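Below, chains carry the letters A, B, ... as their sequence lines are ordered, and counting in each starts from 1. Since the model is a prediction, treat every value here as computed from it, not as a measurement.
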Amino acid sequence: MAPSLEEPFENVSDALTSSLKKQPALVAPEPEHCPGPESQNAGQGDACAGCPNQAICASAPKGPDPDIPIITQRLAGIKHKILVLSGKGGVGKSTFTTMLAHAFASDPENVVGVMDTDICGPSIPKMMGVETETIHVTNTGWEPVWVSDNLGVMSVQFMLPNRDDAVIWRGPKKNGLIKQFLKDVEWGEMDYLVVDTPPGTSDEHLSVNSFLKESGVDGALLITTPQEVSLLDVRKEIDFCRKAGIRILGLVENMSGFVCPKCTHQSEIFRATTGGGRRLAEETKVPFLGAVPLDPRIGMSCDFGESFLDNFGESPACAALLEVVKGVQREIGVVVKEMKD
Amino acid sequence: MSLHDIKRILLVLSGKGGVGKSSITTQLALTLSLQGHRVGVLDVDLTGPSIPRFFGIENAKIRQAPGGWIPVTVHENQDASSADGSGKSRGALYCMSLGFLLADRGDAVVWRGPKKTAMVRQFLTDVFWGDLDYLLIDTPPGTSDEHISLVETLLKSATPEQLAGAVVVTTPQAISISDVKKEINFCAKTGVRVLGVIENMAGFVCPNCSECTNVFSKGGGEVMATEFNVPFLGSVPIDPMFIRLIEEGQTPVYPEGTIIQGQNMDSNPAANGHLSTADDSLAQKYTKCSLFPIFTQMTGQLVSATLNPHT
């Protein structure tokens, strides 16, 4: 069979809506060109002929997933939900999620939750310094791991028997866990829920989006580094957000510029040859929330699971970060009381 | 069978994103090609393909032939006697990536697992690579659909001699190491041999004062390799000149007195003996980069490791 060049590229809207519907229990893996067990023409596509699931898919009810109202109910007490996205890996999504959460939680009146949807490479527990914790199950649901009195975290890392175990899962299994994180976790009354995501535009992103659609997401914060290699992937993520109807709160440029500790010469490790994040933001008409310089101490704080904002409050990187946090709060309409000095 | 004439298949893996899988893949490919091997690069990062950008062939398109795809050529075979005067032979270099199939470079590819699986399989079975010494496969971060499908298909359709193993890339930070450990466990579970660990972004040499700063700390890769009893292939520092070469196509030049890994970089072009050739291919420019000697040494180790499958 000659491979087709166009066929796979038209189904974005299908992919976006299909997971709102309930997936029937299958008896065999989906075939290559499966229309999706929850899609409208499930069981009737060309690929369905001869598939052991055909009868199940064709007869399954095509209604919306009955779990979605439960999720909406569960998350009703959360005022603001923010996604942290980037098409590219290693640009600082988890670092930013952590710092955003710490910044929100620095006001003792706020209760903040962090949900780590990166199933295959969870970083949040280590950055928060709670890597060795496990989940407690109560009769009302799973209890998040509390980093401090007002900062709770949920991640797949807490469920692994050994710290270094690989989670070798295909899409549907990852979606199932993300659903459980939303449905079964006792989030309670919260001011902010920050959702960290893996790189890309695939299962995790589609699931988070469709599960949270009903309960309402404030928007997404996009992270990039200044190089074109990263901007290229972030462009795809902007495209994804637009197609999925996710509001973009803004774009943050991370790792922009590095100050040599010896000669204080500022060099651009990741050179912005195409104008960096600022230019991309202008081009795509997305708010630009700021540029955070590369500071080796941020990475070190993450490695030790400490809060960079608490430890190095005086650094320029910290000031830039707090600017971004303010920008996010402005975008989601939170009025921040001025801190008394 | 598109894998039939390929001698060795190497995977480039990492549990963490943005540690330099594509950058390492690119440099391994260029170095192997400069050593005279015929090299193919397959990019299975479907939602964030970077390989076209790295090789500067973003506008290239895949051609379709009856029964398969023809990969994009970066450069053809070149004999030692050819006109560029370098006196060195260079193997052909081909690339295949989903990036070549997109109508617009900003288009998002929003696919769930089964679709990605189908694409990975198609990439492995329907590309006319021809006769290759090495096929390098660049992967997305994680241990999910792409990786499972990739390894499944390779175990089924490639011989054990062909599937040489995996190169695992990390940065020195603990946060990256902890994800990469998962990847090594993935290799152990699926029976893919780990050929070695490369530590990327180990230190940054200030272009102003040539002071080396460990931006993302240092030494973590080696410690991890020892812990898992796999070979450590080496540390690669951050070289702004390499990034410049990729982003702007500039030949790397270094300020006087820059010494990277014991080598004085500003004398490098003269030492190579051919300062001004008419050849301005990416591979030729790369020979001026401070990272080239590091990769020459690492590919040396890799080549000998793939020749002795059980040591």
### Query
Between A/Phe258 and chain B, which part of the residue has a heavy atom less than 4.5 Å away: side chain, backbone, both or neither?
side chain

### Message
I need the minimum non-hydrogen distance between B/Gly142 and A/Cys120, along with the two atoms involved.
### Response
CA-CB, 3.9 Å

### Message
Quick check on the interface: out of B/Leu46, B/Asp179, B/Ile175, who has the most heavy-atom pairs with chain A under 4.5 Å?
### Response
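When all of B/Leu46, B/Asp179, B/Ile175 are compared, B/Ile175 has the most.
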
### Task
Looking only at non-hydrogen atoms, find the nearest pair between B/Asp145 and A/Arg170 and report the distance.
OD1-CB, 3.3 Å

### Query
Between B/Lys182 and A/Ala166, what is the shortest heavy-atom contact and its length?
O-CB, 3.1 Å

### Query
Quick one: what part of A/Arg163 sits under 4.5 Å from any heavy atom of chain B, side chain, backbone, both or neither?
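Interface part for A/Arg163: both.
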
### Query
Considering all heavy atoms of both residues, which atom of B/Val110 and which atom of A/Leu206 are nearest to each other, and what is their separation?
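Heavy-atom minimum between the residues: CG1-CD2, 3.4 Å.
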
#### Entry: Contact origin within A/Ile168 toward chain B - heavy atom pairs under 4.5 Å
both

### Task
Enter the distance from B/Ser50:OG to A/Lys88:NZ here, rounded to the nearest 0.5 Å.
4.0 Å

### Task
Tell me, for B/Phe204 versus chain A, whether the close heavy atoms (under 4.5 Å) come from the side chain, the backbone, both or neither.
side chain

### Query
What residue in A/Cys302, A/Gly90, A/Ser86 has the most heavy-atom pairs under 4.5 Å with chain B?
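Winner by heavy-atom pair count: A/Gly90.
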
### Query
Does any heavy atom of chain B fall under 4.5 Å from the side chain of A/Val91, the backbone, both, or neither of them?
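Neither part.
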
### Message
With a 4.5 angstrom heavy-atom cut-off, is it the side chain or the backbone of B/Glu58 that approaches chain A, or both, or neither?
### Response
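Only the side chain of B/Glu58 comes within 4.5 Å of chain A.
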
### Query
Any Lys/Arg nitrogen of B/Arg112 or A/Asp203 sitting under 4.0 Å from an Asp/Glu carboxylate oxygen of the other?
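Looking at B/Arg112 and A/Asp203, the cut-off is met.
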
### Task
Compare all side-chain heavy atoms of A/Pro199 with those of B/Pro141 and state whether any distance is below 4.5 angstrom.
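A side-chain contact under 4.5 Å exists here.
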
### Message
Heavy-atom pairs under 4.5 Å with chain A: which of B/Asp107, B/Thr190, B/Asp104 has the most?
### Response
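Among B/Asp107, B/Thr190, B/Asp104, the one with the most close pairs to chain A is B/Asp107.
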
### Summary
If one checks every heavy atom of A/Pro122 against chain B at 4.5 Å, the contacting part turns out to be both

### Query
Does any heavy atom of chain A fall under 4.5 Å from the side chain of B/Ser176, the backbone, both, or neither of them?
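Neither part; nothing is under 4.5 Å.
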
### Task
Check for a donor-acceptor pair, side chain of B/Asn185 on one end and backbone N or O of A/Asp164 on the other, with a separation under 3.5 Å.
yes

### Query
Between B/Arg105 and A/Glu228, is there a salt bridge with N-O shorter than 4.0 Å?
yes

### Query
Of the backbone (N, CA, C, O) and the side chain (C-beta and beyond), which part of A/Met127 lies under 4.5 Å from a heavy atom of chain B, both, or neither?
both

### Task
State, to 0.1 Å, how close B/Pro49 and A/Leu232 come at their nearest heavy-atom pair, and which atoms those are.
O-CD2, 4.1 Å

### Query
Would you say B/Lys116 and A/Ser202 make side-chain contact, with heavy atoms under 4.5 Å?
yes

### Task
Counting only heavy atoms closer than 4.5 Å, note whether A/Ile298 contacts chain B via side chain, backbone, both or neither.
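For A/Ile298, neither part sits under 4.5 Å from chain B.
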
### Query
How about B/Thr47 and A/Lys236: does a side-chain donor come under 3.5 Å of a side-chain acceptor?
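Looking only at side-chain atoms, A/Lys236 and B/Thr47 do not form any donor-acceptor pair under 3.5 Å.
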
### Query
Going from OG1 on B/Thr143 to CG on A/Asp165, what distance comes out if it is rounded to the nearest 0.5 angstrom?
10.5 Å

### Task
Tell me, for A/Gln227 versus chain B, whether the close heavy atoms (under 4.5 Å) come from the side chain, the backbone, both or neither.
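Both the backbone and the side chain of A/Gln227 come within 4.5 Å of chain B.
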
### Shortest non-hydrogen contact from B/Ile148 toward A/Trp169
CD1-C, 3.9 Å

### Query
Picking from A/Leu231, A/Asp239, A/Val167, which has the most non-hydrogen pairs under 4.5 angstrom with chain B?
A/Asp239

### Query
Which bit of A/Lys173 is near chain B, if near means a heavy-atom gap under 4.5 Å: side chain, backbone, both or neither?
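Contact with chain B involves no heavy atom of A/Lys173 at all.
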
### Message
For chain A, which candidate among B/Ala188, B/Ser149, B/Pro140 shows the most heavy-atom pairs at distances under 4.5 Å?
### Response
B/Ser149

### Task
Answer with side chain, backbone, both or neither: which region of B/Phe100 has an atom nearer than 4.5 Å to a non-hydrogen atom of chain A?
neither

#### Entry: Choice from B/Ala118, B/Ala174, B/Ser22 maximising heavy atom contacts with chain A below 4.5 Å
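The residue among B/Ala118, B/Ala174, B/Ser22 with the greatest pair count is B/Ala174.
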
### Task
For the residue pair B/Gln173 and A/Lys126, confirm or rule out a side-chain donor-acceptor distance under 3.5 Å.
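No, no side-chain donor-acceptor contact under 3.5 Å.
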
